[in-house]
Asker: 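The structure that follows is given in the form of structure tokens.
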Amino acid sequence: MTDQLRLGVNIDHVATVRNARGSAYPDPLRAAKLAEEAGADGITAHLREDRRHISDADIEALMEALTVPLNFEMAATAEMQAIALRHKPHAVCIVPEKREERTTEGGLEVAREENKLAHFIAPLAEAGCRVSIFIAADQRQIEAAHRIGAAVVELHTGAYCDAHAEGRFDERDAELERLRKMSTFAHSLGLEVHAGHGLTYDTVQPIAAFPEVRELNIGHFIIGEAIFRGLTPAIHEMRRLMDEARS
């Protein structure tokens, strides 16, 4: 596979900063347009049940203004399904969601909820949305995602990144090997493979080097790094590291 690895930039935490003061700035749409100009291949936004960062108005604005695809992250609820069916974004990524969590803590439990999720995603796929399932690098979950008709799986890289950050290098390497094997397995089933969560300049290259991975979705680190170097340079550096790993 020689296709360039795509970079999706998650703008949720621009909205987090805005909402901390209840003001109109910084504007997530402005960040999305800057990311687009900096070479992002797509924009990711997670509309949570409690609207803690991205708002309904943000989704409206993004759908209207973006020229790159929107990856709409959402929980498997009737409210979110209705919003997705109204907007029909390019991609819908189904993620687990708990009100008390600070960020998405793990992958979706697909195998236990297979029948429910199959019925949930069917109308989204029929509406033309590319359905992605955010899961751990686990064969059972990948097989279930394939059975329910998902087009894409996004593998959760959080455990790998956390182990690296905490100096648990044996665990990091074991998790990286698990991600590598499950990327290959998912691809063998005909699923498109994406990855994301917690990726930084220090951790992105081993994941970017997996030939089966077609897209990385990265947000919190890029938005944090933008405070120090600016959003465009922060994205350019991530893009450089991804391209270097791929070549």
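Any value given below was found using the heavy atoms of this structure, including those in side chains, with hydrogens, waters and symmetry copies removed.
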Asker: At what distance, to the nearest 0.5 angstrom, does CG of N71 lie from NE2 of H46?
Answerer: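 Separation between the atoms: 11.0 Å.
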
Asker: Roughly how far, to the nearest 0.5 Å, is the CD1 atom of I43 from the CD1 atom of I11?
Answerer: 6.0 Å

Asker: If you apply the rule side-chain hydrogen bond (donor to acceptor under 3.5 Å, both in side chains), what do you find for E36 with T67, and how did you get there?
Answerer: CA-CA 8 Å; E36 197 176 63; T67 59; 3.0 Å; yes

Asker: Going through the checks in order, is the side chain to side chain contact (heavy atoms under 4.5 Å, CB included) test met by L155 and S183?
Answerer: CA-CA 8 Å; L155 300 182; S183 296; 3.5 Å; yes

Asker: Hey, could you give me the CZ/CD distance between R6 and E215, rounded to the nearest 0.5 Å?
Answerer: 4.5 Å

Asker: Evaluate side chain to side chain contact (heavy atoms under 4.5 Å, CB included) for E244 paired with V204, printing each intermediate quantity in order.
Answerer: CA-CA 11 Å; E244 182 179 273; V204 71; over 6 Å; no

Asker: Apply side chain to side chain contact (heavy atoms under 4.5 Å, CB included) to I83 and M74, showing your working.
Answerer: CA-CA 10 Å; I83 292 169; M74 60 181 234; over 6 Å; no

Asker: Please collect all ring-ring contact (aromatic ring centres under 6.0 Å, His included) contacts where either partner lies in residues 67-94, sequence neighbours excluded, each pair once.
Answerer: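 Residue pairs with at least one partner in residues 67-94: there are none.
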
Asker: What pairs meet the salt bridge (Lys or Arg N to Asp or Glu O under 4.0 Å) rule with one or both residues in residues 78-91, with sequence neighbours excluded?
Answerer: R51-E79

Asker: May I have all residue pairs that pass salt bridge (Lys or Arg N to Asp or Glu O under 4.0 Å) and include part of residues 14-29, sequence neighbours excluded?
Answerer: R18-D58

Asker: Find the distance between CE (M242) and CD1 (I207) and round it off to the nearest 0.5 Å.
Answerer: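 Going from CE on M242 over to CD1 on I207, the span is 11.5 Å.
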
Asker: Suppose clustering is done on Ile, Leu, Val, Met, Phe, Trp and Tyr with side-chain heavy atoms closer than 4.5 Å. Which residues sit in the same group as F228?
Answerer: I227

Asker: Nearest 0.5 angstrom please: R172 CZ to L176 CG, how far?
Answerer: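 Answer for the CZ-CG pair, R172 versus L176, is 8.0 Å.
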
Asker: Taking distance alone, no hydrogens or angles, what donor-acceptor pairs closer than 3.5 Å link side-chain atoms of residues 119-135 to residues at least two apart or in another chain?
Answerer:
residue : atom : partner : partner atom : Å
H119    : ND1  : N115    : O            : 2.9
R130    : NH2  : E192    : OE1          : 2.7

Asker: Checking H164 against E175 for the side chain to side chain contact (heavy atoms under 4.5 Å, CB included) test, could you report, in this order, the C-alpha distance in whole Å, the side-chain angles of both residues, the deciding distance, and whether it holds?
Answerer: CA-CA 10 Å; H164 177 85; E175 187 63 25; over 6 Å; no

Asker: Would D50 and R52 satisfy salt bridge (Lys or Arg N to Asp or Glu O under 4.0 Å), going step by step from the backbone distance to the final call?
Answerer: CA-CA 5 Å; D50 61 8; R52 72 177 68 166; 3.2 Å; yes

Asker: Working to the nearest 0.5 angstrom, can you tell me the gap between N10 CG and I222 CD1?
Answerer: 9.0 Å

Asker: Starting from the C-alpha separation in whole Å, work towards a yes-or-no answer on salt bridge (Lys or Arg N to Asp or Glu O under 4.0 Å) for D173 and R180.
Answerer: CA-CA 10 Å; D173 294 345; R180 185 190 66 75; over 6 Å; no

Asker: Quick one: which residue pairs count as a salt bridge (Lys or Arg N to Asp or Glu O under 4.0 Å) with a foot in residues 154-170, not counting sequence neighbours?
Answerer: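 Output for this query lists E166-R168, R168-E171.
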
